[in-house]
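For reference, the structure discussed in these notes is given below.
Within every chain, numbering begins at 1; the chains are lettered A, B, ... in the order of the sequence lines, protein sequences first and strands thereafter.
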2 protein chains.
Amino acid sequence: MRIIPTYLATIYNPEQKMSLPLENDFIPHLAFDSVIFGFSGEKLKILLMEYHNTAWLALPGGFVGKNENLNDAVRRGLQERTGLDKIYLEQFYTFGDLARFKPEIMQTILAANGHQVAAENWMLDRFVSVAYYALINYHEVEPKPDALSDSIAWYDVDALPELILDHSEIVKKALETLKSNIDRKLVSMNLLPPRFTIKELQQVYEAILGEKLRRTTFQRKILSLDILERHEKLYSGKSHKAPFLYSFKGNQMGN
Amino acid sequence: MRIIPTYLATIYNPEQKMSLPLENDFIPHLAFDSVIFGFSGEKLKILLMEYHNTAWLALPGGFVGKNENLNDAVRRGLQERTGLDKIYLEQFYTFGDLARFKPEIMQTILAANGHQVAAENWMLDRFVSVAYYALINYHEVEPKPDALSDSIAWYDVDALPELILDHSEIVKKALETLKSNIDRKLVSMNLLPPRFTIKELQQVYEAILGEKLRRTTFQRKILSLDILERHEKLYSGKSHKAPFLYSFKGNQMGN
DNA sequence: ACAAAAGTGTTACGGTTACACCCATGC
DNA sequence: GCATGGGTGTAACCGTAACACTTTTGT
């Protein structure tokens, strides 16, 4: 027999219908949303979930257990969606406007999942949401949808579809924060595989900053920081000079 | 007869004992704390409250009305403490660790105010707190204590006493944020009177950054930003050249 | 040999530093 | 005049920009 931890937002239901998070397990009125960034090799992307039978897109999020640190709740949520354990994670803003309170939306999502809930159900209450962004290695991850959604997939940040509630605003603010942190923290290391070329690193910078950088200047600036270790060359089979592979020195976690 | 708005945390009580915030008016488990900075002319200071009969110091804070935007709740709290209306305000972090849940502390505070509350009282619950910092003009303000505290006063940030719960950590993070924002946003203008000397402005910078700056370099850097307007000289009666007074150009609010 | 991309050398430019000097003020 | 602190001129210094050039790779 399998023991299911209280923290898990979903529990087994023999009628195939996923059961809902239980009111008594979570802090009411408080949620989190995470903007999970990955870099495909060319483009900066985020993970979005699509709710069953609605075509609505939303950020992955969740609730905070009554006996759980806020930060731990978010890590748990990320673990469930990505399978990853040690993730670069940063809280950036808490959204608490009344305008984000639209119970009809959650009611429709629940109804599309076969749940008719009473108007007083806690999931239809007003929620204040603490937003985090995470940086993960795109190629290491197979995202898993949650109980209410049938897919979770990558979307280009520079061509995002419409999202529910204020989630577009949340992404926008995440990008701004990421941008302003790109130099202060070694943010980009969390988006790249262990070994990468300077060109790839530059592409991460360009995707985050939203502008082209000068090749030679970038190379020298990065190398002068003395945070990269040079390894063997990467032969791509293309008819030009092979670039060196680099890794970040030490086991810094980018803070 | 005086009408008392639902939002006000305290209502009149004929037995002199202040009555408590009402459970049904506020979002449970959610609070805010504000780190209110002022500059005395020499030192950077924050406002702290001392609870009745406990000698405990804490940041001014409050709860969020059920029909109130989070940001509005904080502005309301600031208005009540400082009397000021248009305040530079920035959210910087949400504190949600279980470690900050210490019901005995709130119970003691309430008891010292003559309230015996049941163990299930909502004010003794776990709270997640959204923290803001505010920048105000020290000389324009006469802080007012709230219902539970008998004083509110300025304390030097570089010599803070012990605070309750995780409030020291909150102040620390506020200072870090302020420091990293000092150049990106025109933060300092909110801490100075309308007209000030460059020396005063430099002192604000030094207080925030925690280091001495070079006089001539600072002067030129600031002037080269082209954000200051020069006015008449300030004669101090001292036996040396009188410095010019400056003001910030336009009516920028420092974002 | 050629094209394409990586890597490096050289000079120019712009902002910051360091230090000197001059200016204004009250005693 | 003198001490004190404000304001400015100047040359050195340093990081970035601009551009040219060399090197490496596969066809």
Item to check | Rounded distance in Å - CD1 (Ile222(B)) to C1' (dG15(C)) | outcome: 14 Å
Checklist entry - dT25(D), dG6(D), dT25(C): which one has an atom nearest the side-chain heavy atoms of Lys199(B)? => result dG6(D)
Checklist entry - Regarding Asn137(A) and Tyr88(A), is there a side-chain donor-to-acceptor distance under 3.5 Å anywhere? => result no
Next on the checklist: Using a distance-only criterion (donor-acceptor N/O pair, under 3.5 Å, no hydrogens), is the base of dG7(C) paired with the side chain of Arg220(A)?
Outcome noted: no
Checklist entry - Can you list the steps and then say if Lys185(A) with Glu90(A) is a salt bridge (Lys or Arg N to Asp or Glu O under 4.0 Å)? => result CA-CA 11 Å; Lys185(A) 320 205 171 190; Glu90(A) 194 151 331; 3.0 Å; yes
Checklist entry - Using a cut-off of 4.0 Å on non-hydrogen atoms, how would the nucleic acid contact of Thr216(A) be classed: base, sugar-phosphate, or nothing? => result base
Next on the checklist: In whole Å, I'd like the distance from the CG atom of Leu234(B) to the P atom of dG26(C).
Outcome noted: 11 Å
Checklist outcome for this item: note: Gln219(A), atom CD; dA17(D), atom C1'; distance rounded to Å ~ 15 Å
Item to check | Whole-Å gap separating C1' (dC23(C)) and NZ (Lys241(B)) | outcome: 4 Å
Checklist entry - Nearest nucleotide by nearest heavy atom, which residue falls closer to the 5' end of DNA chain D, Pro243(B) or Tyr235(A)? => result Pro243(B)
Checklist outcome for this item: Winner on side-chain proximity to Ser239(A), out of dG26(D), dG6(D), dA6(C), is dG26(D)
Checklist entry - Phosphate oxygens OP1/OP2 of dT17(C): is one of them under 4.0 Å from a side-chain N or O of Thr217(B)? => result yes
Item to check | Spacing between Leu225(B) atom CG and dT16(C) atom C1', to the nearest angstrom | outcome: 13 Å
Checklist entry - For the ring pair Phe32(B) and Phe95(B), is the centre-to-centre distance below 6.0 Å? => result no
Next on the checklist: Please report the distance, rounded to the nearest Å, between CD in Gln203(B) and C1' in dG6(D).
Outcome noted: 14 Å
Next on the checklist: I want to verify a distance call: between dC19(C), dG6(D), dT23(D), whose nearest atom is closest to the Arg215(B) side chain?
Outcome noted: dG6(D)
Next on the checklist: Is there a side-chain contact between Lys221(B) and the phosphate of dT17(C), meaning an N or O under 4.0 Å from OP1 or OP2?
Outcome noted: no
Checklist entry - To the nearest Å, how far apart are Glu200(A) CD and dA5(C) P? => result 15 Å
Next on the checklist: Both conditions, 6.0 Å and 45 degrees, for the charged tip of Arg230(B) above the ring of Phe244(B): are they met here?
Outcome noted: yes
Checklist entry - Just by distance, with hydrogens left out, do Ser149(B) and His52(B) show a side-chain donor and acceptor under 3.5 Å apart? => result no
Item to check | Any Arg214(A) side-chain N or O less than 4.0 Å from OP1/OP2 of dT16(D) | outcome: no
Checklist outcome for this item: When rounded to whole Å, the NZ to C1' distance for the pair Lys238(B) and dC27(C) reads 14 Å
Checklist outcome for this item: When Ser236(A) and His240(B) are each assigned the nearest nucleotide of DNA chain D, the 5'-most assignment goes to His240(B)
